[in-house]
There are 2 protein chains.
Amino acid sequence: MKEGPDIALIGSLIGDPARANMLTALMGGQALTPTELAGLAGITLQTASSHLAKLEAGGLVAQRKQGRHRYYALSEDEVGLMLESLMGFAASRGLTRHRPGPKDPALRKARVCYNHLAGDYGVRMLDSLIAAGEIEVASGDDLALTDAGRRRVEVLGIDYAALQKSRRPICRTCLDWSERRSHLAGSLGEALLALFIDKGWAKREKDSRAVRFTATGEKAFLELFPR
Amino acid sequence: MKEGPDIALIGSLIGDPARANMLTALMGGQALTPTELAGLAGITLQTASSHLAKLEAGGLVAQRKQGRHRYYALSEDEVGLMLESLMGFAASRGLTRHRPGPKDPALRKARVCYNHLAGDYGVRMLDSLIAAGEIEVASGDDLALTDAGRRRVEVLGIDYAALQKSRRPICRTCLDWSERRSHLAGSLGEALLALFIDKGWAKREKDSRAVRFTATGEKAFLELFPR
DNA sequence: TCAATGCTTCGATTACGATCGAAGTATGAA
DNA sequence: TTCATACTTCGATCGTAATCGAAGCATTGA
């Protein structure tokens with residue numbers, strides 16, 4: 001009663017359906033405007049504005065003004081990790097917001113988790129990197145890129161030095177709600193997803209967290225990260 | 001809006017201060033009666049009863065009748081893990097329910113996390129087991145006890161065969177809100193904490209999650225799990 | 001059988017927060 | 001300047017859920 005962190009505030013922020021819908025939408029990784037979020041959550045702009053102010057005060061989202069638009073996004077990686085963990089628990093209880101529809105398999109295969117790749121493909125990528133000795137599990141969930149790993153991502157065209165400059169962790173784990181296993185988050189996870197899209201291997205589906213690989217992209221990905 | 005697990009229900013369950021207080025109390029690992037929980041949360045028995053019914057319907061807690069008492073506890077390890085992860089996020093936002101008091105350092109040093117040891121000592125124990133090659137990190141957050149590890153815990157007096165029989169995972173990681181690192185959960189984590197208390201090395205503090213080591217217990221623990 | 005304890009259910013009250021219309025502010029375009 | 005768009009703030013309404021008193025079960029012990 002008088003010790004430890006206060007989870008009630010965070011819980012109540014997530015506990016409202018409209019806000020939960022917005023947060024879920026923002027897990028797609030794209031920054032969205034209040035108007036878009038209002039549409040997705042099925043509420044008016046005024047209500048959405050009020051919700052977003054609360055989420056911002058609670059540190060869950062952050063905004064960036066651009067012209068007459070305001071773009072909202074999850075404030076940090078941590079928020080995405082926490083939400084994914086909550087989703088994992090909810091999924092294990094069978095609490096889904098709809099009867100599992102046709103999109104569900106696509107989501108389980110590959111989807112965006114805030115800014116990195118999740119689902120079967122995300123888990124496979126991390127497993128493969130570890131098996132190849134390119135990422136080391138230091139202890140618990142600290143991950144570290146090995147020298148071999150660094151060379152590998154540089155060959156792929158990722159600017160490793162730029163990643164190092166930022167204060168954000170380069171590698172970290174994120175628990176996958178569909179696979180119940182870890183996948184790769186952190187700035188490297190973000191850079192890799194951006195790379196796949198940049199190379200035209202994969203595309204984000206509109207209005208969904210699903211990631212659709214092209215035929216050639218899928219082939220290249222599976223070769224690059226063997227099981 | 002139409003895909004993925006429903007986090008709003010879980011969020012709203014955690015979002016009420018009275019329920020959050022009860023859940024935090026149950027993180028101490030002991031099963032508690034509605035009367036006790038009502039006292040801790042500062043509400044009447046009727047209100048507590050209503051909250052507990054909701055938590056039970058949501059799958060967060062489970063009850064066991066014993067005579068004219070009903071003992072409530074977190075329903076599974078998963079719940080504890082999820083709550084600890086939420087606490088980690090809340091703590092990183094500086095959201096504490098009180099000014100950090102004298103008990104805070106004790107909590108950071110060693111505390112109960114549902115049924116296993118957390119805090120600095122919990123993290124140290126897992127790190128030490130991994131360094132000694134007694135626990136292996138398979139990939140991501142799958143942990144496995146090695147042959148050497150099995151011999152070690154059997155020497156300590158833990159019935160490994162009994163652990164194997166249960167369907168629960170023996171080793172798993174749990175993210176520590178104070179250390180931001182992983183410590184050991186699962187049935188082995190539970191058995192080890194029970195062992196320390198059984199041997200008289202440590203005691204649970206009353207009405208707190210803190211675990212206090214005796215002088216000799218602390219010495220033995222630190223020798224057993226060198227940094 | 002009766003009384004005491006522990007808890008649940010019912011019912012009424014209350015308070016808070018979600019919601020949206022209307023009005024106000026800021027940015028950009030004509 | 002004027003108009004349009006994007007968003008926030010204000011104010012009023014409304015619904016829901018938290019709360020607790022009172023009554024109802026169930027278990028125990030005498």
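Here is the naming used below: chain letters follow the sequence lines, and residue numbers restart at 1 for every chain.
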Exercise. Considering only heavy atoms from C-beta outward, does the side chain of A:E84 approach that of A:H183 to under 4.5 Å?
Worked result: yes

Quickly work out the [X] [atom1] to [N] [atom2] distance and round it to whole Å.
{"X": "B:L32", "N": "C:dC7", "atom1": "CG", "atom2": "C1'", "answer": "15 Å"}
{"X": "B:H69", "N": "C:dT5", "atom1": "NE2", "atom2": "C1'", "answer": "8 Å"}
{"X": "A:D16", "N": "C:dC16", "atom1": "CG", "atom2": "P", "answer": "17 Å"}
{"X": "A:H51", "N": "C:dC20", "atom1": "NE2", "atom2": "C1'", "answer": "11 Å"}
{"X": "B:E56", "N": "C:dT8", "atom1": "CD", "atom2": "C1'", "answer": "12 Å"}
{"X": "B:L55", "N": "C:dC7", "atom1": "CG", "atom2": "P", "answer": "16 Å"}
{"X": "A:L52", "N": "C:dT19", "atom1": "CG", "atom2": "C1'", "answer": "15 Å"}
{"X": "A:L13", "N": "C:dG17", "atom1": "CG", "atom2": "P", "answer": "11 Å"}

task = Under the salt bridge (charged side-chain N to carboxylate O under 4.0 Å, His left out) rule, what do B:R172 and B:E78 come out as? Steps first, then yes or no, please.
result = CA-CA 11 Å; B:R172 55 189 315 175; B:E78 312 261 332; 3.4 Å; yes

Next item on the list: Would you check, one step at a time, whether the test salt bridge (charged side-chain N to carboxylate O under 4.0 Å, His left out) holds for A:E56 with A:R70?
Entry: CA-CA 13 Å; A:E56 191 177 11; A:R70 297 200 179 193; over 6 Å; no

Check the phosphate of C:dC20 against A:T47, side-chain N and O only, distance under 4.0 Å to OP1 or OP2. Yes or no?
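The answer is yes; a side-chain N or O of A:T47 sits under 4.0 Å from OP1 or OP2.
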
Margin query: If you compare every side-chain N and O of A:R19 against the phosphate oxygens of C:dA18 (OP1, OP2), does one of them come in below 4.0 Å?
Written below: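 Yes, within the criterion.
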
message = Could you check whether A:F213 and A:Y121 have their ring centres less than 6.0 Å apart?
response =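 Yes.
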
Check your understanding: Which is it for B:E76 and A:R93 under the salt bridge (charged side-chain N to carboxylate O under 4.0 Å, His left out) test, yes or no, and what are the steps along the way?
Key -> CA-CA 12 Å; B:E76 314 175 38; A:R93 291 292 123 113; 2.4 Å; yes

Under a criterion of less than 4.0 angstrom to any heavy atom of chain B, what are the 5'-terminal and 3'-terminal contacting nucleotides of DNA chain D?
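Span of nucleotides near chain B: D:dA18 to D:dT28.
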
Checklist entry - Can you tell me if CZ on A:R212 sees more than 12 non-hydrogen neighbours from other groups inside 6.0 Å? => result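 Open: at most 12 neighbouring heavy atoms sit under 6.0 Å from CZ of A:R212.
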
Review point. Do B:S50 and B:T47 get their side chains close enough for a donor-acceptor pair, meaning under 3.5 Å?
Key: no

* Residue mapping more 5' on DNA chain D - nearest nucleotide basis, B:K54 or B:Q46 ->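 Per heavy-atom nearest nucleotide, the more 5' residue is B:K54.
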
Using a heavy-atom cut-off of under 4.0 Å over every strand shown, decide if B:Y71 touches base, sugar-phosphate, or nothing. nothing

